Amino acid sequence: MTFSGTFLHLKKGIPFLICLFLILLAQTPSFFVTSVPFLFIPIFYFAIFRPGLLNDYAVFALGLFADLIGRTPIGIWSFVFVLLFFVIRLNRLFFSGLTFDKLWLSFAFISAIALMLRLFLFCIGTGTLVSGDFLVIQYIILNLLYPLGIFLCGRLDNWIEVDS
């Protein structure tokens, strides 16, 4: 294997490393009022446009890492992330044909369902009833940062594809 081939192989692992960073960033209490699942944005992007860069196993591992870092019952984030990835990949052709505003609206709808599903699973997993007030803040921040996140994912995708 040549140096350029090895470098390309390493470049393809960068989306996973960035997702790990986003999980850590989401848990930083001084940065945001509540932990925001920024990982929804790259999962959404890569499931539609480059599913080879972030596969099912990587998404599952990211969910386990998010559960460990966030001190939630093991498997909640994994289930939500894998379900999100699977649903988006099933409808990949539909989403790839949408304009940016319709894609953003689709992301807003899907992220709302994913956040509510996570809250429901958390309540079942812990056996407590939790108020979902924090979901509103998470949802607003996540959807306001969507254009920036998609732009950065696109730039990363272009940088990786240059050598492919």
Side-chain angles (χ1 to χ4, degrees), residues 12-29 31-96 98 102-154 156-157:
K12 289 187 177 188
I14 291 176
F16 181 78
L17 294 175
I18 289 174
C19 289
L20 286 175
F21 172 75
L22 289 175
I23 291 171
L24 293 173
L25 180 67
Q27 296 301 320
T28 308
F31 196 68
F32 289 103
V33 177
T34 181
S35 65
V36 180
F38 297 114
L39 200 54
F40 284 2
I41 297 171
I43 288 174
F44 188 77
Y45 178 86
F46 288 113
I48 294 171
F49 300 109
R50 291 288 297 268
L53 290 180
L54 201 62
N55 60 22
D56 306 340
Y57 300 112
V59 171
F60 180 76
L62 289 167
L64 286 178
F65 184 68
D67 286 332
L68 292 173
I69 295 295
R71 298 179 312 274
T72 59
I74 298 295
I76 291 178
W77 275 124
S78 296
F79 179 73
V80 171
F81 289 162
V82 169
L83 183 65
L84 177 71
F85 191 75
F86 180 71
V87 166
I88 294 167
R89 280 211 23 218
L90 278 178
N91 298 299
R92 178 176 175 212
L93 290 176
F94 170 75
F95 286 125
S96 64
L98 295 178
K102 290 179 181 157
L103 197 61
W104 193 357
L105 186 62
S106 300
F107 176 78
F109 179 72
I110 290 172
S111 65
I113 291 173
L115 286 171
M116 288 188 286
L117 176 64
R118 186 214 174 249
L119 178 67
F120 176 72
L121 292 173
F122 182 80
C123 290
I124 290 174
T126 60
T128 60
L129 188 59
V130 179
S131 172
D133 297 342
F134 64 94
L135 286 181
V136 175
I137 297 169
Q138 285 182 349
Y139 180 76
I140 290 170
I141 293 171
L142 183 64
N143 283 286
L144 286 176
L145 291 175
Y146 174 80
L148 176 64
I150 288 295
F151 172 76
L152 293 174
C153 286
L156 176 66
D157 184 15

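Reckoned from all heavy atoms, side chains included, excluding hydrogens, waters and symmetry mates. Predicted, not measured: the structure shown is a model, and the values here were computed from it.
- With sequence neighbours left out, Ile18 forms a side chain to side chain contact (heavy atoms under 4.5 Å, CB included) with Ile14, Leu22, Leu156.
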Show me the donor-acceptor pairs within less than 3.5 Å that the side chains of residues 72-90 make with the rest of the protein, sequence neighbours left out.
{"residue": "Thr72", "atom": "OG1", "partner": "Asp67", "partner atom": "OD1", "Å": "2.8"}
{"residue": "Ser78", "atom": "OG", "partner": "Phe60", "partner atom": "O", "Å": "3.2"}
{"residue": "Ser78", "atom": "OG", "partner": "Leu64", "partner atom": "N", "Å": "2.9"}
{"residue": "Arg89", "atom": "NH1", "partner": "Asp56", "partner atom": "OD1", "Å": "3.1"}

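- Rounding to the nearest 0.5 Å places CG of Asn143 at 4.5 Å from OH of Tyr139.
- Nearest heavy-atom pair, Leu142 versus Pro37, reported as atom, atom and distance to 0.1 Å: CD1-O, 3.4 Å.
- Here the CD1 atom belonging to Ile110 is positioned 10.0 Å from the CG atom belonging to Leu105, to the nearest 0.5 angstrom.
- Under the 4.5 Å side-chain criterion, counting only non-hydrogen atoms from C-beta, Leu121 is not in contact with Arg118.
- Atom CZ of Phe49 and atom SG of Cys153 lie 10.5 Å apart (nearest 0.5 Å).
- The minimum heavy-atom distance between Ala47 and Arg92, with the atom names listed, is O-CD, 3.6 Å.
- Rounded to the nearest 0.5 angstrom, Leu152 CG and Asp157 CG are separated by 12.5 Å.
- Within the structure, the ring-ring contact (aromatic ring centres under 6.0 Å, His included) test picks out the following pairs touching residues 103-129 (sequence neighbours left out): Phe44-Phe107, Phe100-Trp104, Trp104-Tyr146, Phe107-Tyr146.
- By the 6.0 Å contact criterion, CG on Leu129 is open, its count of non-hydrogen atoms from other residues, nucleotides or ligands being 12 or less.
- Put simply, the side chain of Phe40 reaches to within 4.5 Å of the side chain of Leu115, judged on heavy atoms.
- Residues Tyr45 and Leu103 have side chains not in contact (no heavy-atom distance under 4.5 Å, counting atoms from C-beta outward).
- Scored by the side-chain hydrogen bond (donor to acceptor under 3.5 Å, both in side chains) test, Ser96 finds no partners at all (sequence neighbours excluded).
- Under the side chain to side chain contact (heavy atoms under 4.5 Å, CB included) criterion, Ser131 pairs with Asp133, sequence neighbours left out.
- Interatomic distance, Ile48 CD1 to Phe95 CZ, rounded to the nearest 0.5 Å: 6.0 Å.
- Within a 6.0 Å radius of CG in Leu148, more than 12 heavy atoms belonging to other residues, nucleotides or ligands are found.
- Every side chain to side chain contact (heavy atoms under 4.5 Å, CB included) that Cys19 has, sequence neighbours left out, goes to Leu39, Pro42, Leu54, Leu62.
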